[in-house]
Amino acid sequence: MRDKQPGRPPVIHFSETSDLEKVVLDVLSSARTRICISHSMVRSRAVCAALTRASAAGVSVTVLAGQIDEEVARRLTGAGAVCRVFDPSHVAAGAVRKFHDKLIIVDDTVAALGSVNLFQRSLTTDGETLVVTGSRRVLDSAAAHWEELAAWDAMRLTGHQRPTALRRLLLGERVLLAALAVSLLLNTAFLAGLTAVG
Amino acid sequence: MNAETDEVHWSPSTTLVDLLHELIDAATHSIDLAMFRIDLEVFGPPLVQALERGVRVRCLIDQRSIPDVNGEPAASVAELLSDRGATVCVHRSRERLFHHKVVLVDDRLLTSSGNWCEPHFTATIDHWLLSADDELVGATRRWFEQIHPTDATARAGRPVRSPRGFLPWSVALEHRTPSATRQRRRLAGLSRRRLLAAALALSAVANLTAIVSRVAW
């Protein structure tokens with residue numbers, strides 16, 4: 001049963017004057033029963049660690065994301081959290097094109113919403129806003145919105161795939177650079193060989 | 001007012017643009033806007049009307065709101081706003097996005113996950129929090145005063161960065177990357193990775209030629 005008393009007074013945080021990463025981590029670490037996240041991008045390792053700890057402590061963690069780092073998803077699901085990612089192919093043409101939400105609900109008593117995304121640059125460098133509120137009106141509306149999204153067909157389960165670190169490595173600039181260096185060495189060796197023979 | 005009067009709107013919604021227009025139209029004293037992206041073609045006219053009613057208008061926007069092409073309607077709206085006495089400043093930084101979506105209209109605050117442009121009204125999942133809470137409004141007002149460039153900086157006709165990285169619209173417009181250059185870069189697609197791959201391919205061809213010529217010789 002939800003407490004219908006007025007909740008925690010709202011506070012607005014700006015990245016110019018607050019450490020937003022700390023604010024987000026504090027909100028997450030205050031969870032006792034449930035964390036519901038609906039976010040555009042979930043890539044932060046610090047947020048992942050906080051959610052993993054919460055999940056390990058018995059807090060129910062569900063993440064709905066537009067994009068989620070595969071390693072983060074794998075760690076979260078490994079810790080018992082549920083991760084769902086937006087799949088635009090499940091949406092009719094002309095309908096929703098992007099999952100751009102930035103909402104965290106903790107224990108149905110605190111909501112954190114604003115412009116900040118859950119990746120490092122957004123949490124620590126960019127100009128961002130975050131409102132943390134216990135307003136019942138906001139919480140009730142946010143909870144209904146979140147439940148609707150959680151039941152949406154376009155949110156597919158994720159986090160069970162193997163990490164694609166090898167694929168990323170093979171396509172990465174370092175490998176290309178190394179291959180180029182080897183190839184240039186071969187060129188030089190051939191040229192040297194030809195010169196010596198000549 | 002306290003937070004129990006706050007309301008949240010969710011997009012996609014066909015009524016959001018009307019809600020934002022009503023918010024601007026209701027302004028009697030001031031509009032302070034800090035926005036990553038705003039469609040000035042849509043929201044310029046009601047802002048101009050607000051100026052004509054004697055409302056003080058201050059806009060801080062990210063450089064990504066600057067249109068690519070000279071003479072676009074958005075640019076002329078920004079110039080019109082400046083001409084009518086509004087402060088329109090552009091945040092320029094390669095490393096840091098000015099990603100705020102905050103608007104303070106008199107004693108009401110609107111903060112959102114969505115920018116003030118399409119597709120954020122009708123085709124994205126976004127939230128829009130409207131609050132008249134005294135604490136939130138007061139804190140936002142103090143923040144805006146803190147980050148807003150001084151009038152002298154805002155009206156300077158030269159490319160001098162304020163401590164927060166803001167430039168007047170007209171100056172920012174003059175010093176943007178020419179759209180033709182951007183277009184060329186896009187067309188050429190000269191990313192580092194592609195350049196490396198091309199160099200690797202060339203080098204491999206050279207190797208192959210050397211091997212073939214060696215064998216033939």
Side-chain angles (χ1 to χ4, degrees), chain A residues 6-17 38-40 66 86 94-103 111 113-117 121-122 125-131 133-138 141-142 145 148-149 171-173 176-177 179-180 182-184 186-187 190-191 193-194 197, chain B residues 2-12 34 36 60 62 91 93 95-102 109 111-115 119-120 122-127 129 131 133 135-137 139-140 142-143 146-147 164 192-193 196-197 199-204 206-207 209-211 213-214 217:
Chain A
R8 165 179 172 161
V11 181
I12 188 163
H13 301 272
F14 299 99
S15 56
E16 286 81 2
T17 49
S38 165
H39 253 267
S40 173
F86 176 59
V96 174
R97 295 206 298 271
K98 199 173 178 187
F99 194 93
H100 197 251
D101 216 356
K102 295 137 193 353
L103 168 70
L113 61 178
S115 69
V116 69
N117 288 301
R121 198 194 66 209
S122 180
T125 307
D126 291 343
E128 304 281 10
T129 314
L130 182 71
V131 175
T133 179
S135 156
R136 273 272 50 104
R137 275 174 69 112
V138 173
S141 178
H145 164 77
E148 195 180 327
L149 291 179
L171 293 172
E173 283 175 17
L176 279 171
L177 201 60
L180 180 60
V182 169
S183 186
L184 286 173
L186 277 173
N187 278 345
F190 273 121
L191 277 176
L194 282 175
V197 170
Chain B
N2 64 35
E4 294 312 311
T5 59
D6 291 356
E7 54 188 79
V8 199
H9 299 262
W10 308 94
S11 45
F36 181 54
L60 304 179
D62 192 85
H91 185 267
S93 170
E95 298 79 25
R96 181 177 182 270
L97 302 183
F98 189 72
H99 197 240
H100 295 286
K101 300 110 174 36
V102 178
L109 165 72
T111 178
S112 59
S113 60
N115 297 300
H120 295 275
T122 58
T124 63
I125 303 288
D126 271 304
H127 67 253
L129 173 66
S131 175
D133 180 80
E135 290 297 321
L136 290 189
V137 168
T140 306
R142 287 192 293 278
W143 167 76
Q146 199 176 338
I147 69 156
R164 296 286 184 186
R192 268 190 306 176
R193 197 174 287 186
L196 275 172
L200 181 59
L202 272 176
S203 182
N207 274 338
T209 312
I211 291 168
S213 61
R214 180 80 183 262
W217 184 74

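Chain A is the first sequence line, chain B the second, and so forth, proteins listed ahead of strands; every chain is numbered from 1.
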*Look up atom CG in A:Asp101 and atom OG in B:Ser112, then write down how far apart they are to the nearest 0.5 Å.*
11.0 Å
_Close side-chain approach of A:Phe14 to B:Gln146, heavy-atom, < 4.5 Å_ = no
*Heavy-atom distances under 4.5 Å only: say whether B:Val102 touches chain A with side chain, backbone, both or neither.*
side chain
*Please step through salt bridge (charged side-chain N to carboxylate O under 4.0 Å, His left out) for the pair B:Glu7 and A:Arg136, ending with a clear verdict.*
CA-CA 10 Å; B:Glu7 54 188 79; A:Arg136 273 272 50 104; over 6 Å; no
*asked:* Quick one, B:Trp10 and A:Leu103 - any side-chain contact, counting heavy atoms below 4.5 Å?
replied: yes
*Would you confirm whether A:His100, through its side chain, and B:Ser113, through its main-chain N or O, come within 3.5 Å as a donor-acceptor pair?*
yes
_B:Leu97, part contacting chain A, at a heavy-atom distance under 4.5 Å_ = both
*Could you please spell out the steps behind the side chain to side chain donor-acceptor pair (under 3.5 Å) verdict for A:Thr133 and B:Asp6?*
CA-CA 10 Å; A:Thr133 179; B:Asp6 291 356; 4.8 Å; no
*Which one of B:Val8, B:Leu136, B:Thr209 has the most heavy-atom pairs closer than 4.5 Å to chain A?*
B:Leu136
*Heavy-atom pair of closest approach, residues B:Ser203 and A:Leu184*: OG-N, 3.6 Å
*Can you tell which part of B:Leu109 gets under 4.5 Å to a heavy atom of chain A, answering side chain, backbone, both or neither?*
side chain
*Is a side-chain N or O of A:Arg97 found less than 3.5 angstrom from the main chain of B:Ala123, in a donor-acceptor match?*
no
*Is there a donor in the side chain of B:Asn207 and an acceptor in the side chain of A:Ser183, or the other way round, less than 3.5 Å apart?*
yes
*How about A:Thr129 and B:Lys101: do any of their side-chain heavy atoms sit closer than 4.5 Å?*
no
_I want to check something: taking the side chain as every heavy atom from C-beta on, are B:His127 and A:Lys102 in contact at a cut-off of under 4.5 Å?_
yes
*Given side chain to side chain contact (heavy atoms under 4.5 Å, CB included), test B:His99 with A:Asn117 step by step and report yes or no.*
CA-CA 10 Å; B:His99 197 240; A:Asn117 288 301; 3.6 Å; yes
_Region of B:Thr111 that comes under 4.5 Å of a non-hydrogen atom in chain A_ = side chain
_Nearest-0.5 Å distance, NZ of residue A:Lys98 to CD1 of residue B:Ile125_ = 12.5 Å
_Please give me the minimum heavy-atom distance between A:Arg121 and B:Glu95, naming the atom from each residue._
CD-O, 4.0 Å
_CD on A:Glu16 to CZ on B:Phe98, rounded to 0.5 Å_ = 6.5 Å
*Would you say A:Leu180 and B:Leu196 make side-chain contact, with heavy atoms under 4.5 Å?*
yes
*Check whether A:Val11 gets within reach of chain B through its side chain, its backbone, both or neither, counting any heavy atom under 4.5 Å.*
backbone
*asked:* Working to the nearest 0.5 angstrom, can you tell me the gap between B:Thr140 OG1 and A:Ile12 CD1?
replied: 3.5 Å
*What's the spacing between B:Asp126 CG and A:Ser115 OG if we round to 0.5 Å?*
11.0 Å
_Spatial distance of atom OG (A:Ser141) from atom NE2 (B:His9) [nearest 0.5 Å]_ = 8.5 Å
